[in-house]
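Please read the structure below before turning to the comments.
We're numbering straight along the sequence, starting at 1.
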Amino acid sequence: MTTALIFAGGSGTRMNSRARPKQFLQFYGKELIIHTLENFQNHPEVDAIAVVCIADWIPYLQRLLEKFEVGKVRVVVPGGASGQESIYNGLRAIREYASEDSIVLVHDGVRPFVNERLISDCINCVKEHGSAITVTPAIETIVTQEDGKITSITDRSKCFHAKAPQCFRLCELLAAHERARAECRTDMIDSASLMKFYGHELHTVAGGFDNIKITTPADFYTFKALYEVREQQQIFGL
């Protein structure tokens with residue numbers, strides 16, 4: 001079984017939206033979280049979806065799932081105090097219906113341009129190597145600095161940005177989370193960092209530059225441009 005674990009637990013403070021969290025902002029007639037979920041709903045190799053959501057917004061999300069017929073969602077669980085805790089909550093819920101060797105694709109609810117090919121590549125990479133971390137090449141110079149002075153310049157050809165999906169076997173990712181909790185480690189920024197810290201070998205999958213995360217008001221304009229390009233490709237076969 002393959003489950004997409006969608007993290008939609010953020011409050012969206014960088015989006016400066018006072019009315020609702022960023023994942024529930026509406027674009028082109030659909031909330032952002034629905035744009036994201038539909039990519040997994042429509043993928044033939046994704047069997048189920050689990051969503052981690054802000055507790056107070058779960059009833060609203062349930063209504064959206066029904067309205068837009070996102071039928072693969074098996075569970076919706078409340079988020080925790082951090083992203084790490086929220087993902088753990090989702091993994092525990094998945095364990096209730098999926099086998100230990102199931103594949104889990106951890107993805108941001110506000111990353112709506114994940115496409116069918118990337119999802120397939122991630123699934124195949126986990127089957128072959130046990131992990132799949134979506135990356136894109138760094139396109140600008142990477143430096144380290146201290147006290148306002150550059151201390152080193154890294155070879156850009158060896159640098160990549162880690163994005164999502166980040167994918168593993170359920171048993172291994174859940175075990176890493178439980179070990180971190182036992183050791184009171186709550187500072188892991190994402191699943192890749194957690195798994196690397198505990199000695200897992202991470203394999204990469206090339207993602208597109210359009211697989212952006214909507215976190216700031218400026219990202220809205222990028223979303224709009226990318227959405228219109230996708231529509232034109234579908235209509236005109238570009």
Side-chain angles (χ1 to χ4, degrees), residues 1-14 21 23 33 36-37 40 46-58 61 72-111 114 119 122-135 144 160-205 207 213 215:
M1 172 175 277
T2 296
T3 296
L5 173 52
I6 309 302
F7 171 65
S11 59
T13 54
R14 283 176 290 177
Q23 57 270 31
I33 182 67
T36 301
L37 288 171
F40 297 94
V46 175
D47 303 298
I49 302 171
V51 184
V52 181
C53 182
I54 301 171
D56 290 345
W57 285 82
I58 289 179
L61 176 59
K72 285 186 180 179
V73 174
R74 291 282 295 268
V75 292
V76 179
V77 298
S82 65
Q84 183 178 328
E85 185 178 349
S86 295
I87 296 302
Y88 176 68
N89 290 351
L91 293 171
R92 290 179 62 194
I94 294 171
R95 182 173 56 184
E96 295 300 313
Y97 67 81
S99 63
E100 289 191 350
D101 64 344
S102 294
I103 295 173
V104 177
L105 294 83
V106 181
H107 191 72
D108 303 300
V110 292
R111 201 181 286 273
V114 58
I119 294 171
C122 285
I123 292 171
N124 291 333
C125 189
V126 175
K127 288 179 178 178
E128 184 174 355
H129 301 293
S131 63
I133 308 300
T134 303
V135 299
T144 58
F160 295 81
H161 298 286
K163 298 193 174 185
Q166 298 184 358
C167 319
F168 307 92
R169 295 288 181 183
L170 172 61
C171 57
E172 294 184 348
L173 183 55
L174 187 55
H177 271 273
E178 290 179 337
R179 183 174 175 184
R181 290 174 64 85
E183 297 174 0
C184 298
R185 296 188 179 276
T186 61
D187 57 343
M188 299 299 176
I189 193 169
D190 60 7
S191 298
S193 301
L194 176 68
M195 295 296 276
K196 183 65 176 176
F197 183 82
Y198 285 117
H200 290 270
E201 190 173 75
L202 304 183
H203 294 263
T204 61
V205 171
K213 186 177 181 181
T215 55

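Taking 4.5 Å as the limit, some side-chain heavy atom of I54 sits within range of a side-chain heavy atom of P21. Between M195 and L202, some side-chain heavy-atom pair lies under the 4.5 Å cut-off. Using a 4.5 Å cut-off on side-chain heavy atoms (C-beta onward), L61 and V51 make contact. Between Y97 and V75, the closest side-chain pair of non-hydrogen atoms falls below 4.5 Å. Residues V114 and P165 form a side-chain contact, since some pair of their non-hydrogen atoms from C-beta on lies under 4.5 Å apart. Side-chain contact check for I103 versus M1: every heavy-atom pair is 4.5 Å or farther apart.
Using modelled atom types and a 3.5 Å distance limit, the side chains of Y198 and E183 yield a donor-acceptor pair.
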Q. When you look at S193 and D190, which way does the side chain to side chain donor-acceptor pair (under 3.5 Å) test go after all the steps?
A. CA-CA 5 Å; S193 301; D190 60 7; 2.7 Å; yes
Q: Run the numbers on E178 and R185 for salt bridge (charged side-chain N to carboxylate O under 4.0 Å, His left out), then give the verdict.
A: CA-CA 10 Å; E178 290 179 337; R185 296 188 179 276; over 6 Å; no
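Proximity of a side-chain donor or acceptor of N89 to a complementary backbone N or O of P78 within less than 3.5 Å is detected. A donor-acceptor pair is defined here as one N or O able to donate and one able to accept, closer than 3.5 Å; no such pair exists between the side chain of S86 and the backbone of G79. A donor-acceptor distance shorter than 3.5 angstrom exists from the side chain of E85 to the backbone of A81, with no hydrogens or angles considered. Q84 contributes a side-chain N or O that, together with a main-chain N or O of M188, makes up a donor-acceptor pair within less than 3.5 Å. Side chain of S82 to backbone of T186: no donor-acceptor contact under 3.5 angstrom is found. D108 places no side-chain N or O within donor-acceptor distance of the main-chain N or O of R111, the cut-off being under 3.5 Å. Side chain of T3 to main chain of I49: no donor-acceptor pair is present (N/O by atom type, distance under 3.5 Å, no hydrogens or angles). A donor-acceptor distance shorter than 3.5 angstrom exists from the side chain of R169 to the backbone of D101, with no hydrogens or angles considered.
Of the options Q166, H177, H200, a side chain to side chain contact (heavy atoms under 4.5 Å, CB included) to L194 is made by H177 and by none of the others. When each of L105, L173, L91 is paired with L5, the side chain to side chain contact (heavy atoms under 4.5 Å, CB included) condition holds for L91 and for no other.
The shortest heavy-atom contact between V135 and A162 is CG1-CA, 4.3 Å. Scanning all heavy atoms of the two residues, the minimum distance from S99 to L170 falls at O-CD2, 3.5 Å. Heavy atoms only, all atoms of each residue included: G130 and E172 are closest at O-OE1, 4.2 Å. In this structure, V46 and I119 approach most closely via the heavy-atom pair CG2-CG2, 4.0 Å. Contact between T36 and G109 at its shortest, heavy atoms only, is OG1-O, 2.7 Å. Minimum interatomic distance between A164 and T134 (heavy atoms only, all atoms of both residues): C-OG1, 3.6 Å.
Heavy-atom neighbours of R92 CZ from other residues, nucleotides or ligands within 6.0 Å: at or below the threshold of 12. The number of heavy atoms from other shown groups lying within 6.0 Å of NZ (K72) is above 12.
The structure places NZ of K196 at 9.5 Å from OG of S131, a figure rounded to the nearest 0.5 Å. With values rounded to the nearest 0.5 angstrom, H129 atom NE2 is found 9.0 Å from T204 atom OG1. Atom CZ of F168 is separated from atom OG of S102 by 15.5 Å, given to the nearest 0.5 angstrom. Interatomic distance, F7 CZ to S191 OG, rounded to the nearest 0.5 Å: 10.5 Å.
Between F40 and H107, the distance separating the two ring centers is shorter than 6.0 angstrom.
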